[in-house]
Undergrad: 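Right, I'll just put the structure down here and ask away after.
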Amino acid sequence: MTPEELRSFADAALARLQAAEDSTAIDEIEAEVLGDSSPVTQARRSLKDASADTRRELGSVVNEVAARLASKVGERRSEVEMAERDVRLASERLDMTLPGRAPARGAVHLVRQVWDEVVDIFIGLGYTVASGPEIDTDYHNFKALNYPDAHPARLETDTLYIEHGEDPEGVLLRTQTSTVQVRWMEEHEPPVYVVSPGRVYRRETTDATHTPVFHQMEGLAVDESITFADLRGTLQHMADQLFGPGRRLQFVPNFFPFTEPSAEMLVSCFSCDGSGCRVCSQTGWIELLGCGMVDPSVLENVGYDPTRVSGFAFGMGLDRLAMIRYEVPELRYFFSPDLRILEQYR
Ligand code: DAH
């Protein structure tokens, strides 16, 4: 090729590079115009056999053309790559203005709300929260609590037993949180001020007010010269906090094996203040809990000296409390997996 031909070849090649739209096209043109079999390379090869004049003249054109082509290839390649990147970025763009998907809002279960509320009242009085196992022994659930061997609650009709060990009735699902009284006193010296909320189990057929699983909160205070007046004052405070100030309390004699004397405590209805309404079944009073003075034999069973310390205890149904507070008609609603029911009681 003559220098003129080489120049016009280069002009055409530059125009094609300018027109190339993607990096594959540029690679192809580059191979064609600067590769081994391109006119530029061939012209460079021919230089060694050429005359000195030709070599000088053609040589400088070859170098000039090769340099222009190489720089144009580089320039177009970076332009095209930038354009390609812009296209990719535009297609991958995230639209941050799209509204997000809100996660479904959960809520604390009503029984748990009441649980927390009662616990808070006692923490305010300086009590400690204690817990115990849901699978426990006959000893902690009955024997240490002074139940005679033939007590009806021990019958299989009331208690769910676990197959474990020699004694078929030695291990059970606790029927009451009173187990924690024994467990706490076994491990701690007086003074004792504890509450213990938790799940309990009984062999019940489910109906409006019974389910085989429910929740209780136990309270226990043991110290020097604790009296029934302390029990009463403590429960008055709890009732005022739960239902508003000015509740009246009524203690009706009752029997529990582990307290003596024992009582059922009623609170004047927070809804009608005692005149009778739907909440209190027209009686003006709401049965809230069982309580009493800790029986000396229970204190002895855990190694306490009943001539030195005395105590009171109470046990309350948390589900029942939640039902009363929020006028939930059926206990089993709490344990139904139907969210339409639970969501009403947020
Ligand atoms: N554990 C009893 C029950 O489940 C409730 C109870 C009554 C607990 C009297 C007490 C108490 O601590 O003193 O029916």
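Ligands are counted one by one from 1 in listed order, and the atoms in each one are counted from 1 as well.
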Undergrad: For ligand 1, which of its N or O atoms have a protein N or O partner closer than 3.5 Å, and how long is each gap?
TA:
unit_1: ligand 1; atom_1: 1 (N); unit_2: Q176; atom_2: OE1; d: 2.7
unit_1: ligand 1; atom_1: 1 (N); unit_2: S178; atom_2: OG; d: 3.0
unit_1: ligand 1; atom_1: 4 (O); unit_2: R202; atom_2: NH2; d: 2.9
unit_1: ligand 1; atom_1: 4 (O); unit_2: Q216; atom_2: NE2; d: 2.9
unit_1: ligand 1; atom_1: 12 (O); unit_2: Q181; atom_2: NE2; d: 3.2
unit_1: ligand 1; atom_1: 12 (O); unit_2: E218; atom_2: OE2; d: 2.6
unit_1: ligand 1; atom_1: 12 (O); unit_2: F314; atom_2: N; d: 3.3
unit_1: ligand 1; atom_1: 12 (O); unit_2: F314; atom_2: O; d: 3.3
unit_1: ligand 1; atom_1: 13 (O); unit_2: A313; atom_2: O; d: 3.2

Undergrad: Charged N to carboxylate O under 4.0 angstrom, E79 versus R76?
TA: yes
Undergrad: Should W285 and C280 count as side-chain neighbours, where that means a heavy-atom distance under 4.5 Å?
TA: no
Undergrad: Got a salt bridge between R68 and D11, using NZ or NE/NH1/NH2 to carboxylate O under 4.0 Å?
TA: yes
Undergrad: Using a 3.5 Å cut-off and no angle test, enumerate the donor-acceptor pairs between side-chain atoms of residues 316-324 and protein atoms at least two apart in sequence or in another chain.
TA:
unit_1: D319; atom_1: OD1; unit_2: H215; atom_2: N; d: 2.6
unit_1: D319; atom_1: OD2; unit_2: H215; atom_2: ND1; d: 2.8
unit_1: R320; atom_1: NE; unit_2: E287; atom_2: O; d: 3.3
unit_1: R320; atom_1: NH2; unit_2: E287; atom_2: O; d: 2.4

Undergrad: In terms of relative ring orientation, are F270 and F243 parallel, tilted or perpendicular, with 30° and 60° separating the classes?
TA: parallel
Undergrad: Would you call D149-R154 a salt bridge at under 4.0 Å N-O?
TA: yes
